[in-house]
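Heavy-atom basis, side chains included; hydrogens, waters and symmetry copies ignored. Being a predicted model, the structure only gives us computed values, none of them experimental. First the proteins, then the strands, lettered A, B, ... as listed; each starts at 1.
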Amino acid sequence: MGIKDLSQIDFNEHLNPEQFEAVNTLYGPVLVIAGAGSGKTRTLVYRVARLIEEGVDPESILLLTFTRKAAHEMLKRASELVGPKSHLVSGGTFHSFCYSQLRTYCRVLDYPSNFTVLDRRDIEDILGLLAEELGLKKETARFPKKSALASIYSKKRNCMKDCLWVLKRGYAHLTHLAPILEALFDAYQKYKRRHALMDYDDLLINWKTILKNYPEIQEAVSRRFNFIMVDEYQDTNRVQAELVRLMAYTHDNVMAVGDDAQSIYSFRGANFKNILEFPELFPGTRIIKLEKNYRTHQPNLDCTNAIIANAQEKFAKRLVAVRSGGRKPLFYEALDENDQAEFVVSRIKDFILKGVEPSEIAVLFRASFHSFQLEGLLNRYGIKYVKRGGLKLLEGAHIKDLLAFLRIILNPVDRLSVLRVFTLIPGLGEKGVQRIYEAMIKVDDPLKAVAEFKTKAKWHQPLKELVHRLLAIKEKDLGLSDLLKGLTSIYEPYLTDRFPDDYPRRLQELNELSLIAGAFEDPGEFLTEVALDPPDEEETYGKGDAVCLSTIHSAKGLEWKVVFIISLVEGRFPSPMALERDEDLEEERRLFYVAATRAKDVLYFVAPRLVNVSGGGVVPGKRSRFLDEIPPGLFEIWGNKSRRFNTPGKQELTTPEPVKVGGNGFRVGLRVRHQVFGPGTITKVIDNEKVAIDFDVVGSKIINTQVAKLSKI
DNA sequence: ATCTAACCTGTTTTT
DNA sequence: CAGGTTAGAT
């Protein structure tokens, strides 16, 4: 296959020889194994450009990845390079792609084409409901929580194994429940079918079933998408690998790009071994390795290479930096979590003063609650930040309330939504709604049945009014956007009641949701979109220049000039849940590797020496084993003891204010003893309730004198 | 006796 | 924010 004239782009000039080779392998299966920061997505995008330039129809190109963010990034860069033609290229996450295919073809499975996609919460709630209905909770002591049920279910389906298999790995204490869980999941499958619902796993598996059982559909799809490319292949699981195999069966024009060292999604069935199996799935695969790193400099790279060198199974790969210069990563051992937060904040302020854009700074952590303390401090200093991976807009109670209203309009016997909406009425709870619901499912017009429901309870009248308002709005037959606005006005009194402190903010969010909804005509499609691709806060609020706080999982594929990785102590990172099995610990190490490779210029490791535990006490922590694994000399240790009294951040916090005496006699300079933290000195009286105290052992804390027991010394 | 509302605590990671 | 628990309301 000769290369035609490269009239538009000089590929050779913009790519190194390995990338060039990958880009120019236009036909047949290709596996690109590439390290962090080596230009993986770039390679993929250039191949799209190359194909189009070759005369390939853009509509026959399909780009797939696992995460929304990676998909978004990939398509954005494609449109930058290729221009308007890139809009004809199909692509997105596996889930959204399967959804669009199922809309067209799911009738062969006896599903209506307007099925709804469940989000995680729905799945958990339905499982919980069914478990209760089947009486499993009463029968079985220590029945797993519904979140665990959902995880077991999803793993079972993603790995294509039975319950016992899943329970044996990871839920060993529950193996006796295997038959019971099979029955529960059976009931769940039936429930979904009855209500025309699919969950995330159904999207993939149902589409796979169709491809497998309907050769004419498989043929049509395979001919339509003549070039399939998968980014972040290490994140795919067996089901996704088979989907690709099935869809490419007429042509084998598949390029998979991935890094086995960055596989961090095994909890949902992704397996880095998948990448090893690719050549088996596609005989004759050409394997290309990318080992040049464009993101960072050699000292950082030496350190990250050392982190991943401790992994037990991996492709041999040693990244070499293209950039020169640079400084070793720094490790700061903070006194406690408060000092950790103060250190990070003071460094952030410093960088911003030096002219670093806040959006070029990120703080990464294992689990989203690790950043609580830091968030408080950032708020106090007025530093703008966005948090990724934590609470999503969708998870706010008010958003869920409004969506429940919408669902009732669309389907009055949606049990979860009925429960959610009707319990908003004071005095009406779970049991009451249950009785109403039973009356609803017996008749043709469920909402009317509610209006006519007979009871002496005091909630009767408010319920009737609510239902009348819902019926009235339903009759108007409004567009989706107006419908949501109308529902918001019905919901508003309950909203102000439920959230007296911050309802204006929540109302604002609801209005934004109505605006987003304006882009959809079909309400079912809107609900699916919200489940599959929830609008994230950053886009919604358009906060431009803010520091990024992120879980490591949500940081994958992104990069910043300055990166802090915090809470590198045992018990936090690696996560205690991952200590039991070797494979889990290996994954935690890869996670650490992903975090450390996000930095372009400056990389900080931070660990507190004392760790807050639940209940309010502190215990001595041990620095994370992953830090100890790194050979000494590959990072610098920072923090002589005097630092904490010299940094600007610390100064501002501890400089005594003009003496102000709190209502209870506490004043600056007073020596006090705290039940848990021991002796300390009051440095600031904030108001009648709160004082700042510099404890002799654990450093500064804000203490509420109404809650904590303080005695004067 | 039955149900609701208020309180307390403990949180992995994603589609 | 949700699950479990419990005090208090009906």
Trainee: Atom pairs, N/O to N/O, protein against nucleotides 4-7 of chain B, distance under 3.5 Å?
Mentor:
unit_1, atom_1, unit_2, atom_2, d
B:dT4, OP1, A:Gly429, N, 2.7
B:dT4, OP1, A:Gly429, O, 3.3
B:dT4, OP1, A:Gly432, N, 3.2
B:dT4, OP2, A:Glu430, N, 3.2
B:dT4, OP2, A:Lys431, N, 3.1
B:dA5, OP1, A:Gly427, N, 2.4

Trainee: Under 4.0 Å, heavy atom to any atom of DNA chain B: which of residues 229-239 of chain A qualify?
Mentor: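 Correct list: empty, so none.
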Trainee: Listed by chain and number, what are the ring pair (Phe, Tyr, Trp, His ring centres under 6.0 Å) partners of A:Phe365, not counting sequence neighbours?
Mentor: none
Trainee: Please identify each residue that fulfils ring pair (Phe, Tyr, Trp, His ring centres under 6.0 Å) with A:Phe267, with sequence neighbours left out.
Mentor: A:Tyr265, A:His553
Trainee: If you check every side-chain atom of A:Lys146, which of B:dT13, B:dT15, C:dG3 has the closest atom?
Mentor: C:dG3
Trainee: Can you find a side chain N or O atom of A:Ser368 that sits less than 4.0 Å from OP1 or OP2 on B:dT13?
Mentor: yes
Trainee: Is there aromatic stacking of A:Phe267 against B:dT14, centre distance under 5.5 Å, plane angle under 30°?
Mentor: no
Trainee: List, with names and distances, any nitrogen or oxygen atoms from the protein found under 3.5 Å away from nitrogen or oxygen atoms belonging to nucleotides 6-10 of chain C.
Mentor:
none

Trainee: Kindly say if A:Thr551 contacts the phosphate of B:dT14, meaning a side-chain N or O under 4.0 Å from OP1 or OP2.
Mentor: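 Indeed, a polar side-chain atom of A:Thr551 lies that close.
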Trainee: By salt bridge (charged side-chain N to carboxylate O under 4.0 Å, His left out), which residues pair with A:Asp122, not counting sequence neighbours?
Mentor: A:Arg407
Trainee: So, using ring pair (Phe, Tyr, Trp, His ring centres under 6.0 Å) as the criterion, who are the partners of A:His195 when residues are at least two apart?
Mentor: A:Tyr191
Trainee: For A:Asp125 and C:dC1, what is the distance between atoms CG and P respectively, to the nearest whole Å?
Mentor: 14 Å
Trainee: Let's see if you can work this out: which of C:dG3, B:dT13, C:dC1 has an atom nearest to the side-chain heavy atoms of A:Ala397?
Mentor: C:dC1
Trainee: Counting the atoms with a prime plus P, OP1 and OP2 as sugar-phosphate, which does A:Lys556 contact under 4.0 Å by heavy atoms, base, sugar-phosphate, or nothing?
Mentor: nothing
Trainee: For A:Asp201, give me all partners under salt bridge (charged side-chain N to carboxylate O under 4.0 Å, His left out), at least two apart in sequence or on another chain.
Mentor: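 Once residues adjacent in sequence are excluded, A:Asp201 has no partner under the salt bridge (charged side-chain N to carboxylate O under 4.0 Å, His left out) criterion.
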Trainee: Do A:Phe626 and A:Phe605 have their ring centres less than 6.0 Å from each other?
Mentor: no
Trainee: What nucleotide among C:dA2, B:dT13, B:dT11 has an atom nearest to a side-chain atom of A:Lys400?
Mentor: C:dA2
Trainee: Can you list the residues that meet the salt bridge (charged side-chain N to carboxylate O under 4.0 Å, His left out) rule with A:Arg435, with sequence neighbours excluded?
Mentor: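 Scan of A:Arg435 (salt bridge (charged side-chain N to carboxylate O under 4.0 Å, His left out), adjacent residues dropped) gives none.
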Trainee: I'd like to check the salt bridge (charged side-chain N to carboxylate O under 4.0 Å, His left out) partners of A:Asp231; sequence neighbours left out, ordered by chain and number.
Mentor: none
Trainee: What pairs with A:Arg268 under side-chain hydrogen bond (donor to acceptor under 3.5 Å, both in side chains), at least two apart in sequence or on another chain?
Mentor: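 A:Arg268: no side-chain hydrogen bond (donor to acceptor under 3.5 Å, both in side chains) contacts found.
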Trainee: Return a table of donor-acceptor pairs under 3.5 angstrom between the side chains of residues 143-151 of chain A and protein atoms on other chains or two or more places apart.
Mentor:
unit_1, atom_1, unit_2, atom_2, d
A:Lys146, NZ, A:Asp125, OD1, 2.7
A:Ser151, OG, A:Arg120, NH2, 3.2
A:Ser151, OG, A:Ser147, O, 3.1

Trainee: What's A:Ala578 touching, base or sugar-phosphate or nothing? Going by heavy atoms closer than 4.0 Å.
Mentor: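 Nothing: the residue A:Ala578, judged by heavy atoms under 4.0 Å, touches no strand.
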